[in-house]
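Structure, as structure tokens:
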Amino acid sequence: MSNIVWHQHSVDQAARAKLKGQNPVLLWFTGLSGAGKSTLAGALERALFEAGFHTYLLDGDNVRHGLCKDLGFSVADRDENLRRVGEVAKLMVDAGLVVLSAFISPTREERDSIRARFPTGQFIEIHVSTPLSVCEQRDPKGLYVKARRGEISNFTGISSPYEAPLSAELTIDTSKGDLASQVLALIDYLTAIEVINPDKAKALA
């Protein structure tokens, strides 16, 4: 590794962000399977995109079709999956984007490891805190049924623990209220911390 040097190019994150008129961040949605992470992140991205923001959504299933297609679901492979996602997200934030990610990411250590790669304020943890009972009722992929039957081992929330964030920047329970109000709460938060320019935010009202 001694022969590998990081090259600092003349076009940096600040220049890219200025061109796009936004403050790049990583919005990390974490929660149980079926909690509503992808739905919530997707709805927020749609709202931001339609208001003229430059975004990209990294979805747990999608990255396993390409970037992480060689990985299984062992503890080591899950850790590597998140490590790769964190590195890709870092590059995308450096490109000036508002990046949204939707991953169970069950341990605080995993999430804190990704947070540590970003400057203060550029990693925003959003705990989608929908109760397990609601997630099981939804069970969009039929995974909870299989986990209860013992057909899936190390399934988060059933046979493997989920460590809820201790100090997430935002917590949303998708079993309460509707999707529109939940997206609005996210937009209000992003406006308050100046990720979203207030003038641009008017287009999201």
Donor-acceptor contact below 3.5 Å, side chain Asp139 vs main chain Val145: yes
Do Thr130 and Ser175 have side chains that approach each other closer than 4.5 Å (heavy atoms only, starting at C-beta)? yes
Is the OH atom of Tyr189 crowded by more than 12 outside heavy atoms at less than 6.0 Å? yes
Derivation and outcome, side chain to side chain contact (heavy atoms under 4.5 Å, CB included), residues Thr174 and Gln182: CA-CA 7 Å; Thr174 64; Gln182 292 154 8; 4.0 Å; yes
Any side-chain heavy atom of Asp173 sitting closer than 4.5 Å to one from Pro131? yes
Any residue meeting salt bridge (Lys or Arg N to Asp or Glu O under 4.0 Å) with Arg117, in chain and number order, not counting sequence neighbours: Glu87
For the residue pair Thr107 / Glu110, report whether a side-chain donor-acceptor contact shorter than 3.5 Å exists. yes
Taking the side chain as every heavy atom from C-beta outward, state whether Leu190 and Ile124 have any atom pair closer than 4.5 Å. yes
Using 0.5 Å steps for rounding, measure from the CD atom of Gln137 to the OH atom of Tyr144. 11.5 Å
Return each pair, listed once, that meets ring-ring contact (aromatic ring centres under 6.0 Å, His included) where at least one residue sits in residues 66-95; pairs must be two or more places apart or across chains. none
Counting C-beta onward and ignoring hydrogens, is there a side-chain heavy-atom pair between Val195 and Phe53 closer than 4.5 Å? no
Non-hydrogen side-chain atoms of Leu186 and Ile172 separated by less than 4.5 Å: yes
Is it the case that Tyr162 and Thr30 place a side-chain donor and acceptor less than 3.5 Å from each other? yes
Please tabulate, for the side chains in residues 32-42, all donor-acceptor contacts under 3.5 angstrom to protein atoms that are two or more places apart in sequence or on a different chain.
residue	atom	partner	partner atom	Å
Lys37	NZ	Gly31	O	3.2
Lys37	NZ	Leu32	O	2.8
Ser38	OG	Asp59	OD1	2.5

Step by step, would you call Ile126 with Glu169 a side chain to side chain contact (heavy atoms under 4.5 Å, CB included)? CA-CA 6 Å; Ile126 301 164; Glu169 278 76 10; 5.9 Å; no
Do the side-chain N and O atoms of Thr55 and Glu45 include a donor-acceptor pair separated by under 3.5 angstrom? yes
Hydrophobic clustering (ILVMFWY, side-chain heavy atoms < 4.5 Å, transitive) - are Leu27 and Ile104 grouped together? no
Separation of Leu71 CG from Arg78 CZ (nearest 0.5 Å): 11.5 Å
Under 3.5 Å, side-chain donor or acceptor atoms of residues 152-161 against the rest of the protein: list the pairs with distances, not counting sequence neighbours.
residue	atom	partner	partner atom	Å
Ser159	OG	Asn154	N	3.2
Ser159	OG	Phe155	N	2.8

Would you kindly say whether Asp178 and Ser181 are connected by a side-chain donor-acceptor distance under 3.5 Å? yes
Side chain to side chain, Glu163 and Pro106, heavy atoms closer than 4.5 Å: no
Would you call Arg108-Glu125 a salt bridge at under 4.0 Å N-O? no
Just by modelled atom types, is the Ala95 backbone N or O under 3.5 Å from a matching donor or acceptor in the Lys20 side chain? yes
Here the pair of heavy atoms bringing Ala185 nearest to Leu170 is O-CD2, 4.4 Å
Please examine the side chains of Val99 and Val25, heavy atoms only from C-beta on, and report whether any two atoms are closer than 4.5 Å. no
To the nearest 0.5 Å, tell me how far Leu57 CG sits from Leu100 CG. 6.0 Å
Using a strict 4.0 Å threshold on nitrogen-to-oxygen distance, state whether Lys18 and Asp12 make a salt bridge. no
Check salt bridge (Lys or Arg N to Asp or Glu O under 4.0 Å) between Glu136 and all other residues, then give those that pass, not counting sequence neighbours. Arg148
Got a sec, which residues hit salt bridge (Lys or Arg N to Asp or Glu O under 4.0 Å) with Asp94, two or more places apart in sequence or on another chain? Arg16
Shared hydrophobic cluster, Val88 / Leu97 (ILVMFWY, side-chain heavy atoms < 4.5 Å): yes
Kindly work out whether a path of hydrophobic side-chain contacts (I/L/V/M/F/W/Y, heavy atoms less than 4.5 Å apart) joins Leu67 to Met92. yes
Do the side chains of Ser101 and Leu26 get nearer than 4.5 Å, heavy atoms only? yes
Inspect the surroundings of CZ in Arg46 and state if more than 12 heavy atoms from other residues, nucleotides or ligands are less than 6.0 Å away. no
Is a side-chain donor or acceptor of Gln22 paired with a backbone partner of Gly96 at a separation under 3.5 angstrom? yes
Within the side chain of Ser105, is there an N or O that forms a donor-acceptor pair under 3.5 Å with the backbone of Phe103? yes
Distance-only, no hydrogens or angles: does the Arg64 side chain make a donor-acceptor pair with backbone N or O of Gly72 under 3.5 Å? yes
